[in-house]
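Here's the structure, in structure tokens; my notes come after.
Because only heavy atoms are used, hydrogens play no part in the values below, and waters and symmetry mates are left out as well, while side chains stay in.
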Protein chains: 2
Amino acid sequence: MAEDVFKALADPTRRHILDELVERDGQTLFEICARLMNKHGLGLSRQAISQHLAVLESAGLVHSRREGRCKFHDLDTEPLELIATRWLRPDAPESTP
Amino acid sequence: MAEDVFKALADPTRRHILDELVERDGQTLFEICARLMNKHGLGLSRQAISQHLAVLESAGLVHSRREGRCKFHDLDTEPLELIATRWLRPDAPESTP
DNA sequence: TTGATAGGTAAGTCGCGACTTGCCTATGGT
DNA sequence: ACCATAGGCAAGTCGCGACTTACCTATCAA
């Protein structure tokens, strides 16, 4: 639902996770934790990131696939198009005036 | 800032306000209150809507102009383009596959 | 000037979401 | 079998944001 997408994007940490996944798809939970620590200086617990990933996944922005004891996460930008086009006026010209 | 835009879009009531403004620009506070009541069944106080409009305005999504004792609100969809293009992959094809 | 309309300001309540702590499950290596 | 890795589950804390109540300001009409 669109509601979930907006709520998922409302948190800065979740947007940083999307920033990481758009750079490299198929990261595990621990990889994301490490990269948020190093690149963004976020000192969050593993469970916090896990909960954020659950929110992103229920919003359809992230899909996960399990292989053995590892779980890889992939970005899906399709739900973003809904929210980008929601308030576009019919008479609106192209974005570069 | 992008942060303010995401936070502004996180609330369902604020998104309904944007829905109203995209239909008809230049509405006053009382007009927006009335239309949220009738069309969406939202029974919110005037101050609640006023605070929502303040959030939308500080996010740059709404601009207001005062004339006499009336204050008209206009939609500005430009900040939305920032958030729409943030996670677009360079290799992403067109949106209609 | 009085009253009605349109809106602003400020303090307070309250629920939800972000984060933590602690413990449990499962897979892989040796 | 054992231990380490990768992750899940559940309860609890806590702050922020949404909303209300109450009062104040400003413009227009009679």
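- For the pairing with B:Ile17, the side chain to side chain contact (heavy atoms under 4.5 Å, CB included) check across B:Leu61, B:Val22, B:Ile49, B:Asp11 returns one residue only, B:Ile49.
- Between the side chain of B:Arg46 and the base of C:dG8, at least one donor-acceptor pair of N or O atoms lies under 3.5 Å.
- Contact annotation: A:Thr28 does not reach the phosphate of D:dA6 (side-chain N/O to OP1 or OP2, under 4.0 Å).
- Of the side-chain N and O atoms in B:Ser45, none sit less than 4.0 angstrom from OP1 or OP2 of D:dC19.
- Between B:Arg66 and D:dA26, a side-chain N or O to OP1/OP2 separation shorter than 4.0 Å is absent.
- Taking atom CD1 of A:Ile32 as the reference point, atom P of D:dG7 lies 9 Å away to the nearest angstrom.
- Mapping B:Leu29 and A:Gly68 onto DNA chain C by nearest heavy atom places B:Leu29 at the nucleotide closer to the 5' end.
- Within the structure, every side-chain polar atom (N or O) of B:Lys71 is placed at least 4.0 Å from both OP1 and OP2 of C:dA6.
- In this structure, B:Asp4 places its CG atom 16 Å from P of D:dC16, rounding to the nearest Å.
- Between the side chain of B:Gln51 and the base of D:dT20 there is at least one donor-acceptor pair of N/O atoms closer than 3.5 Å.
- Counting to the nearest Å, the C1' atom of D:dG17 and the CG atom of B:Leu44 are 14 Å from each other.
- In this structure, a donor-acceptor pair under 3.5 Å is absent between the side chains of A:Asp74 and A:His63.
- Rounded to an integer number of Å, the gap from B:Arg69 CZ to C:dT5 C1' is 5 Å.
- In this structure, CZ of A:Phe30 is placed 13 Å from C1' of C:dA26, rounded to the nearest angstrom.
- To the nearest angstrom, P of C:dA18 lies 15 Å from NE2 of A:His16.
- Checking each of B:Leu56, B:Thr77, B:Asp76, B:Leu75 against B:Leu21 for a side chain to side chain contact (heavy atoms under 4.5 Å, CB included) leaves exactly one that passes, namely B:Leu75.
- More than 12 heavy atoms of other residues, nucleotides or ligands sit less than 6.0 Å from atom CD of B:Glu3.
- Of the side-chain N and O atoms in A:His52, one or more sit less than 4.0 angstrom from OP1 or OP2 of C:dC19.
- Residue A:Gln47 contributes atom CD, which lies 14 Å from atom P of C:dC24 at whole-angstrom precision.
- For A:Glu23 and A:Lys39, the salt-bridge test passes: some basic side-chain N is under 4.0 Å from an acidic carboxylate O.
- For the pair A:Glu57 CD and D:dG8 P, the computed distance is 9 Å after rounding to whole Å.
- Under 4.0 angstrom from either OP1 or OP2 of D:dG8 there lies at least one side-chain N or O belonging to A:Ser50.
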